[in-house]
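Quick caveat: nothing in here was measured; it's all calculated off a predicted structure. Just so it is clear: chains get the letters A, B, ... in the order the sequence lines come, proteins before strands, and each one is counted from 1.
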Amino acid sequence: MKNNIIDFNGEFDVIPTGKKYAPRIKSVGPKEEKYTNSLKKSIIKSGLCDGMTISFHHHFRNGDYILNDVLNIIASLGIKNLTLAPSSLAAVHEPLIRHIENGVVTEILTSGLRGVLASKISSGLLKKPVIIRSHGGRARAIEAGDIKIDVAFLGTPSADAYGNANSVKGNSTCGSLGYARVDAEYAEHVIIITDCLIDYPNYPASISQKNVDQVVKVNAIGDPDKISTGATRFTKNPKELLMAKNVALIIQKTKYFKDGFSFQTGSGGASLAVTRFLREAMIEKSIKASFVLGGITKPMVEMYEEGLIKTLFDVQSFDKIAAESIQKNEEHFEIDASLYANPHNKGNIVNKLDVVILSALEIDTNFNVNVITGSNGEIMGASGGHSDTAACAKLTVVVAPLFRGRIPTVVKNVHNVITPGSSIDILVTERGIAINPLREDLIELFKDSSFNITSIQTLEKIARDYCGERKPVKFTDQTVGIIEYRDGTVIDLIKAVEKNV
Amino acid sequence: MKINKEAIAGTLESSDIQITISKNHLIKNTIYLESPVKHLYEVAIKKVIMNTLEKHQITNANVKAIDQGALDCTIIARTQSAIYRATEKKEINWEAID
Amino acid sequence: MQKLFESDVKGRQALEIFLESFDLSLDQDIEKTYVKKSSDGKIIATGSIAKNVLKSIAVDKHYQGSSLINEMVSYLMEECYQMGETHLFIYTKPESYKAFEFLGFKKITETNRVVLMENKINGFQDFLKNIKDKELTSPSAGIVLNANPFTKGHYYLVKRASEENPWVHVFVVWENQSTFSNVERYNLVSKGLKDLKNVSIHKGLNYIISAATFPSYFISGKDEVIKEQTKLDLKLFGDKIAPSLGINKRYVGKEPFNNTTAKYNETMKKVLPDYGIEVIEIERKKIEDQIISASTVRRLIYEGDLEKLKCLVPKSTFEYLKSPASQGVINKIKKDYNEKKLV
Amino acid sequence: MGKLRRTMMYVPGNNPAMLTDAGIYGADSLMFDLEDSVALNQKDSARLLVYQMIKNNNYAQEVVVRINSLESDLGATDIEAMVRAGVDVIRLPKTETAEDVKKVENIIESVEKKIGIEIGHTKIMAAIEGPLGVINAYDIATASKRLIGIAIGAEDFVTSMKTKRSKSGVELLAARSQLVLAARAANIAALDTVFSNIDDSDGFKEEVKLIKSLGFDGKSVINPRQINLVHEIYKPTDAEIEDAKQIVYTIKEAEAKGSGVISLNGQMIDKPIVERAKRVLELSGLSEEVM
């Protein structure tokens with residue numbers, strides 16, 4: 001069981017030992033069939049019983065039906081105290097509250113939580129603390145056997161009756177199935193759930209028949225509009241555009257911005273807008289990117305099609321354009337979560353990342369970043385790839401407004417640490433830019449530049465001047481969440497928020 | 001200053017605060033506050049509103065404040081506007097608003 | 001933000017189509033409507049005011065996350081306050097009532113299709129508190145009168161209830177959309193019932209057959225709208241008002257003419273029993289086999305037939321109609337009749 | 001000449017978020033508007049909001065407030081509030097005669113006396129938005145020592161001239177020239193009107209180039225995106241900067257040696273050349289360094 005002691009000791013301190021975990025060997029002969037049209041039958045056939053671990057992926061975002069449908073059936077079968085290990089959870093999974101109250105689910109391992117489920121867990125709904133892992137951290141934990149998945153329920157836009165599944169066909173194409181592929185390789189029992197059955201063979205196969213035990217046809221795997229969301233639109237917010245422009249200007253001044261460089265950006269507001277300004281600079285200085293990694297969006301596909309990016313490594317497609325581009329564009333590759341960011345394999349792709357642009361809910365004066373708990377101390381976000389990319393990228397830029405409404409982003413100390421300060425190089429806000437003192441080279445580079453460079457302590461003070469003194473959030477000593485760093489150590493604990501009665 | 005009618009000032013847009021002032025049947029100022037940052041600034045926000053009321057010699061106001069993350073200077077300005085509208089006073093008491 | 005003018009026919013049509021996608025419409029009682037347009041002239045948000053009720057508020061799907069709803073509601077509230085309306089109500093659908101809670105509105109009651117909210121923190125609780133301050137004996141009967149004006153028919157209805165129950169609560173409809181003003185009607189009811197010792201008279205204010213709870217009572221609405229609003233008004237009465245006052249019976253006179261009131265009574269007989277309230281419908285009092293009705297009284301006032309009038313209304317109402325104080329309302333009745341507005 | 005006013009950014013006076021963030025976009029000066037961007041029933045609220053914003057946020061840039069005209073019963077109170085708040089410049093809309101400026105000056109002065117701050121501290125800017133104003137431009141421009149600049153307000157101007165805005169801007173040519181003439185004669189700044197279509201950056205750049213060549217000091221902008229476009233066009237070329245540096249170094253050396261007539265590679269350096277050199281350095285932000 002996870003112990004509650006914080007033993008994180010630096011981004012690359014842990015050297016892994018032991019062997020890779022592997023599921024039992026199992027053979028499926030030529031006469032056996034994998035197909036059934038009843039989800040219930042497939043669950044019974046999987047041999048799922050009390051105390052087991054089940055997993056799902058979050059490529060269907062807030063449009064997912066699979067997790068809720070499967071858990072309703074499991075509850076009806078009377079199966080109890082399961083460990084739920086999805087790659088992440090969305091607000092649509094609120095019905096989980098009922099299953100937790102009824103003891104169907106007694107432990108959750110995830111990248112993040114949202115909505116009412118998150119707030120309830122923050123006040124102690126789950127007896128065992130929820131374990132928060134980054135995308136790379138989850139892949140590591142599965143391959144190391146820290147997570148032993150008994151049954152993986154993997155929804156896919158299309159599949160053939162023998163288990164070859166992908167997101168090329170079907171009416172709700174979600175693009176890359178990067179997170180699902182890890183589960184398919186390491187779960188004892190893999191069930192593919194689709195609403196679009198294709199004649200054999202359904203190639204190319206993101207998930208291969210050789211790992212699949214059962215295939216189920218349901219009438220809907222999710223809400224197509226929410227799964228393949230419309231093209232990501234650039235922000236029009238002048239503050240976000242200002243910050244994005246500054247981030248792009250800063251990147252251009254560093255030695256990392258050279259032909260063949262690689263980068264990754266977040267999908268939200270300012271961080272996404274950076275791609276637009278980087279594009280202008282790349283054209284102007286005829287610089288091409290060797291690869292762009294992570295969540296792929298329409299703007300990145302366009303830059304690829306303009307010849308500005310050689311390769312797109314896609315662990316998750318953020319919009320319909322990116323989803324369709326995987327099969328259309330030759331060098332747009334779907335990658336699995338382990339290849340993306342697992343620190344304990346023979347070389348993940350974040351190791352080769354030059355520049356990453358990330359956001360932050362909170363960042364403190366030691367540059368520690370919190371993307372998991374809100375200003376009221378309640379869980380409301382997800383670790384995602386934040387700590388993975390920040391640890392490995394040669395230049396990590398966090399871009400965030402100094403305060404949102406009256407909630408300061410730069411604070412004395414963050415409620416929780418997802419990414420240690422040592423991974424963060426530069427913070428860009430609309431009222432000043434702070435460089436991590438550990439990066440003397442960058443401090444030297446920007447010494448007499450026209451950028452508004454200031455100390456992060458000054459930024460914290462400015463934020464406090466605007467917003468006023470905050471009443472500290474009171475926590476109980478009950479641990480409701482354990483934040484496991486990508487190397488398996490514990491970097492922080494999430495305490496329950498004291499409910500003022 | 002005497003409260004003649006119920007008045008409203010400010011908007012419900014983000015970073016603003018909507019202040020409603022009506023006559024309080026008790027001879028004291030009471031404040032009902034709703035705010036997304038109540039857990040951080042409830043005391044601070046109420047203090048600013050109360051201070052602004054007292055500076056205008058208001059003693060029987062029933063204040064309803066619906067905050068959307070407004071900073072102090074916005075809270076002060078909107079409370080002042082609500083006061084002048086509720087008391088139907090045209091001229092500004094310059095010392096009081098300072 | 002732009003005001004939608006009566007004469008802007010094209011604009012109104014565009015708005016009707018926009019509202020249809022939210023299955024909302026521009027009810028007849030709406031006095032002011034506002035729209036917000038995108039840079040290319042497309043309607044992206046709208047909101048309307050009917051006296052002190054904010055209605056038909058809708059924001060385009062693509063702009064849902066933005067603060068357009070905040071901007072619209074604060075704009076409407078500002079408009080109402082400047083017209084002197086400070087106790088505001090919102091009619092909304094159950095799935096969007098959460099958004100209004102963040103804007104300082106409190107839910108009063110709801111049916112499965114509509115939620116009624118108000119901007120006063122404990123507006124409804126104060127309404128109940130004021131009624132309870134008066135002495136409270138229960139069980140009691142409840143009667144809602146518009147009494148436009150108070151006739152012998154009304155008197156017999158209340159008298160019957162006072163004979164059959166320890167106490168009777170009479171609520172006077174407070175909306176000022178009838179010929180006789182709410183104050184006039186309240187005074188005539190009070191004077192008319194002075195001799196009945198176990199009756200207390202209250203103002204219905206915003207919570208009983210008001211522009212907020214039952215707008216179609218004042219304007220002709222589609223049957224299905226009347227039905228939904230009736231359910232809301234009766235839910236507020238049956239679920240909240242009656243229990244807190246110990247009311248277990250509701251008396252009402254048979255309604256021969258007005259379709260809306262007839263529909264209301266019909267629904268009442270079906271709905272109120274679910275809240276443990278018995279509905280007692282009394283035959284209308286007749287004088288020389290002619291039903292006493294307020295509309296007949298108003299016609300007689302128009303015709304100036306004092307003799308006939310005398311036997312339809314109690315002494316107190318008759319005295320008032322002869323007194324100079326009633327000159328205003330009499331002129332109004334004559335004007336309405338000449339313009340064929342009054343039925 | 002001193003102060004750079006290439007961009008003066010409009011900020012609606014009743015919007016707390018925009019007022020709080022006004023200073024971050026790098027406009028040379030900020031103009032908080034109490035006039036057309038504030039609805040009639042919000043004038044009282046906007047005035048108090050702008051008052052508190054100026055009092056509590058120390059903006060790095062020059063803060064200008066556009067008040068309501070004195071004809072409305074709002075103008076006088078606007079002035080008193082803004083002077084008390086410590087505003088740098090009061091901008092008067094729809095200025096037609098020198099008298100309009102003087103009336104504003106008297107009110108400002110009476111408030112400055114009342115609150116005991118240095119007489120003359122609060123500057124004035126006059127917006128000329130009609131034909132009479134254009135004709136009286138020079139009288140207006142010299143109506144008060146406090147006047148730091150005059151601006152043209154095209155929207156009302158074209159309406160009263162019974163014409164409308166066009167891509168070429170020919171309808172404003174006469175007014176713009178008259179205005180910049182008056183401003184230069186009075187040695188104060190000349191600022192151009194707003195370009196309202198924020199998505200048409202090409203049209204905007206054309207207009208900026210036109211007014212720069214007419215001699216305007218800068219332009220009013222209504223969206224942060226327009227700021228850099230103006231600053232780019234107003235930025236001198238590297239060659240111009242080099243020449244300007246040469247001229248200033250030559251003067252410094254000559255003054256050190258005390259020689260009267262100064263010349264550089266056979267060309268006499270007289271006052272206008274020095275002025276132009278100073279302006280170029282100012283525009284490229286190098287004036288402290290080089291001077």
- request: Taking all non-hydrogen atoms of both residues into account, name the closest pair between A:Gly405 and B:Ser15 and its distance.
  value: CA-OG, 3.9 Å
task: Identify the two heavy atoms, one from B:Leu71 and one from A:Tyr466, that lie closest to each other, and give their separation to 0.1 Å.
output: CD2-O, 3.5 Å
[X] atom [atom1]: more than 12 heavy-atom contacts under 6.0 Å:
{"X": "B:Lys47", "atom1": "NZ", "value": "no"}
{"X": "A:Lys239", "atom1": "NZ", "value": "yes"}
{"X": "A:Lys120", "atom1": "NZ", "value": "no"}
{"X": "B:Lys46", "atom1": "NZ", "value": "yes"}

- prompt: To the nearest 0.5 Å, what is the distance between CG (A:Asn376) and NZ (B:Lys38)?
  reply: 14.0 Å
task: Kindly compute the distance separating CD (B:Glu42) from NZ (A:Lys471), expressed to the nearest 0.5 Å.
output: 7.5 Å
- request: Identify whether NZ of Lys or CZ of Arg in A:Arg406 sits under 6.0 Å from the centre of the six-membered ring of B:Tyr41 and within 45° of that ring's axis.
  value: yes
Min side-chain heavy-atom separation B:Leu40-A:Ser375 under 4.5 Å: yes
